[in-house]
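This report refers to the structure that appears directly beneath it.
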There are 2 protein chains.
Amino acid sequence: MTTVLVCDDAPLAREAIRRAVGAVPGVERVTAAGSGEEVLARFPIERPDLVLMDVRMPGIGGVEASRRLVAAHPDAAVVMLTMGEDPDGVARAVSAGARGYIAKDASREEVAATVALALAAGREGPAARAQRVRPTGAPPALTEREQQVLDGMSRGKSNAEIGRELYLSEDTVKTHARRLFRKLGAADRAQAVALGFRWGFLR
Amino acid sequence: MTTVLVCDDAPLAREAIRRAVGAVPGVERVTAAGSGEEVLARFPIERPDLVLMDVRMPGIGGVEASRRLVAAHPDAAVVMLTMGEDPDGVARAVSAGARGYIAKDASREEVAATVALALAAGREGPAARAQRVRPTGAPPALTEREQQVLDGMSRGKSNAEIGRELYLSEDTVKTHARRLFRKLGAADRAQAVALGFRWGFLR
DNA sequence: GACTCCGTCACCCGAAAGACTGAAGTCTGA
DNA sequence: TCAGACTTCAGTCTTTCGGGTGACGGAGTC
């Protein structure tokens, strides 16, 4: 009986992850919690084989919850959920006992693979996975132009249209766009917009 | 002395709107508030010629704030800021005394034009502008495939990559993408991602 | 049975995007 | 004063995107 406990304060994300994890072969039961405190309270009762926990939550965050959980139950397997907004937190969580992490922008397949790995692995060294943490510690600092270009992208404007709005040439907009992509780690404007929302540059 | 009071709980959006409004000819002073309550408190003191207020805010939302403001000060000119997520709320706000609304995905020019119009107009009938509210009251219903394609887009995947993830041909992905754009009213994948976040399909 | 919606795939086409350079002006801060 | 960031623009190149259109099978509906 392999059970997984998913913890995220956002109901939508929680259910999405539940579905993804539920599809992993070998996982019979997936339960959900809405806070780190709830995980600490329920872990001794449910004894899940794996805890998937969001890094950022109200109350004690995922990092502190992971630390306390592993301190109280050294056999607990914790995998952090992150959306790249807090790589330092992930690093601390991993060093505090989490077995790995999954980026929330990962595909369903990647989630499944990571969960399966975490379940299968005898405690793999945290260092191995900690390397996957993004090197950029702080939220990227966007210049005003980059912010404006990002904003235009989110409104479905082409580079030429953004240029006309800002009284710039299309080439200049493309230059700002390229640097924007580098800073955000985006492959294209669609991902840039997604990361813009997650970093709070857009809303 | 024409002054405009901008109210939005998000500092970034607030500043962006401030800048846009500040560029409108005839506007000498733009002040900013962070909540509906703050607007109600400051309006009698500052007596701005126009209040730009976000529909959705913590505490009393823009609708209720607009209603109370106009009830207390019938000469108050309120224009709602919306991002299309709550057309009913806009309609109620307009019927409750708001003079119009501006979509947040509007261009700077559109913002300027609407502000100038709201300032210049003797009280135009609310009905005239209320028609601009999007006819689609409910969030668009996305099929599972469209949701999956949207998700892939938000992760920066190309259509071909999404196709490989979902075991589909690139052409099929493009078909789903095209229908997705139609449903969301998006011009391209970047705007589709933005609308996906605003409708809650992505997070 | 007719109709509609979804999912699948294919073709063509022009427009746009994004990567790669190089360069020059402004402005700030060490 | 000088380094460095920001901003501006330009060129070339390949890839991708998005629109238009058509098609076929299946599921559900009227």
Side-chain angles (χ1 to χ4, degrees), chain A residues 105 107-108 135-196 199 201-202, chain B residues 12 15-16 19-20 23 105 107-108 136 138-196 199 201-202:
Chain A
D105 58 358
S107 67
R108 187 166 289 215
T136 57
L142 300 190
T143 69
E144 185 169 4
R145 283 306 195 195
E146 287 160 354
Q147 170 76 43
Q148 289 167 339
V149 169
L150 177 61
D151 184 72
M153 288 177 176
S154 76
R155 300 199 315 278
K157 304 298 181 189
S158 70
N159 290 332
E161 286 171 329
I162 296 170
R164 280 193 290 276
E165 280 188 4
L166 301 175
Y167 303 103
L168 298 176
S169 78
E170 180 181 350
D171 286 311
T172 302
V173 175
K174 290 173 85 168
T175 299
H176 290 306
R178 203 170 340 107
R179 285 202 265 262
L180 175 66
F181 295 160
R182 286 223 173 282
K183 284 187 180 177
L184 292 175
D188 55 30
R189 55 218 283 127
Q191 192 179 15
V193 167
L195 295 170
W199 283 112
F201 296 121
L202 297 171
Chain B
L12 241 77
E15 286 314 305
R19 280 197 300 274
D105 56 0
S107 68
R108 187 165 290 215
T136 57
L142 300 190
T143 67
E144 185 169 3
R145 283 306 195 195
E146 288 160 353
Q147 170 76 46
Q148 289 168 338
V149 169
L150 177 61
D151 184 73
M153 288 177 176
S154 76
R155 300 199 316 277
K157 304 300 182 186
S158 70
N159 290 331
E161 287 171 329
I162 296 171
R164 282 193 288 276
E165 280 188 3
L166 301 175
Y167 302 104
L168 298 175
S169 79
E170 180 182 351
D171 286 309
T172 302
V173 175
K174 290 173 82 169
T175 299
H176 290 306
R178 214 170 324 113
R179 291 176 184 162
L180 175 67
F181 294 159
R182 286 223 172 283
K183 284 187 180 178
L184 292 175
D188 56 30
R189 51 182 55 219
Q191 192 179 15
V193 168
L195 295 170
W199 282 113
F201 296 121
L202 298 171

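Numbers restart at 1 for each chain; the letters A, B, ... are given by sequence-line order, proteins then strands.
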Check your understanding: Rounded to the nearest 0.5 Å, what separation is found between the CZ atom of R179(B) and the OG1 atom of T143(B)?
Key -> 8.5 Å
**Study point:** Distance in angstrom units between I162(A) CD1 and dT7(D) C1', rounded
**Key:** 16 Å
Review point. What distance do Q148(A) atom CD and D151(A) atom CG have between them, rounded to the nearest 0.5 Å?
Key: 8.0 Å
Point to revise | Pairwise distance NE2(H176(B)) to CG(D171(B)) - rounded to 0.5 angstrom | key: 11.5 Å
Point to revise | Separation between CG of N159(B) and CZ of R164(B), rounded to the nearest 0.5 Å | key: 11.0 Å
Exercise for review: Starting from P on dA10(C), measure out to CG on D171(B) and report it in whole angstrom.
Suggested key: 6 Å
Please tabulate the protein-to-nucleotide N/O contacts below 3.5 Å involving nucleotides 3-7 of chain C, giving atom names and distances.
unit_1 : atom_1 : unit_2  : atom_2 : d
dG7(C) : OP2    : T143(B) : OG1    : 2.7
dG7(C) : N7     : R179(B) : NH1    : 3.0

Practice item. Establish, with yes or no, whether the OP1 or OP2 oxygen of dC9(D) is under 4.0 angstrom from a side-chain nitrogen or oxygen of S169(A). Key: yes
Protein-nucleic acid N or O pairs under 3.5 Å, nucleotides 15-18 of chain C:
unit_1  : atom_1 : unit_2  : atom_2 : d
dA17(C) : OP1    : N159(A) : N      : 3.0
dA17(C) : OP1    : R189(A) : NH2    : 3.3
dA17(C) : OP2    : N159(A) : N      : 3.3
dA17(C) : OP2    : N159(A) : ND2    : 3.4
dG18(C) : OP1    : R189(A) : N      : 2.9
dG18(C) : OP2    : R189(A) : NH1    : 2.9
dG18(C) : N7     : K174(A) : NZ     : 3.0
dG18(C) : O6     : K174(A) : NZ     : 3.0

Point to revise | Residues which pass side chain to side chain contact (heavy atoms under 4.5 Å, CB included) with A177(B), listed by chain and number, not counting sequence neighbours | key: V149(B), M153(B), F181(B)
Practice item. For K174(A), check side-chain hydrogen bond (donor to acceptor under 3.5 Å, both in side chains) against everything at least two apart and list the hits. Key: none
Check your understanding: Hey, what bend do you get for the helix from dG1(C)-dC30(D) to dA30(C)-dT1(D) if you fit axes on five pairs at each end, rounded to 10°?
Key -> 60°
Revision key, fill the gap. T175(A) meets the side-chain hydrogen bond (donor to acceptor under 3.5 Å, both in side chains) criterion, sequence neighbours left out, with none
Exercise for review: Find the distance between CZ (R189(B)) and CD1 (I162(B)) and round it off to the nearest 0.5 Å.
Suggested key: 5.5 Å
Check your understanding: Please give, in whole Å, the distance from dT7(D) C1' to L142(A) CG?
Key -> 15 Å
Practice item. Nearest 0.5 Å please: distance from the CD atom of E170(A) over to the OG1 atom of T172(A). Key: 10.0 Å
**Study point:** Side chain Q191(B), main chain A187(B), donor-acceptor under 3.5 Å
**Key:** yes
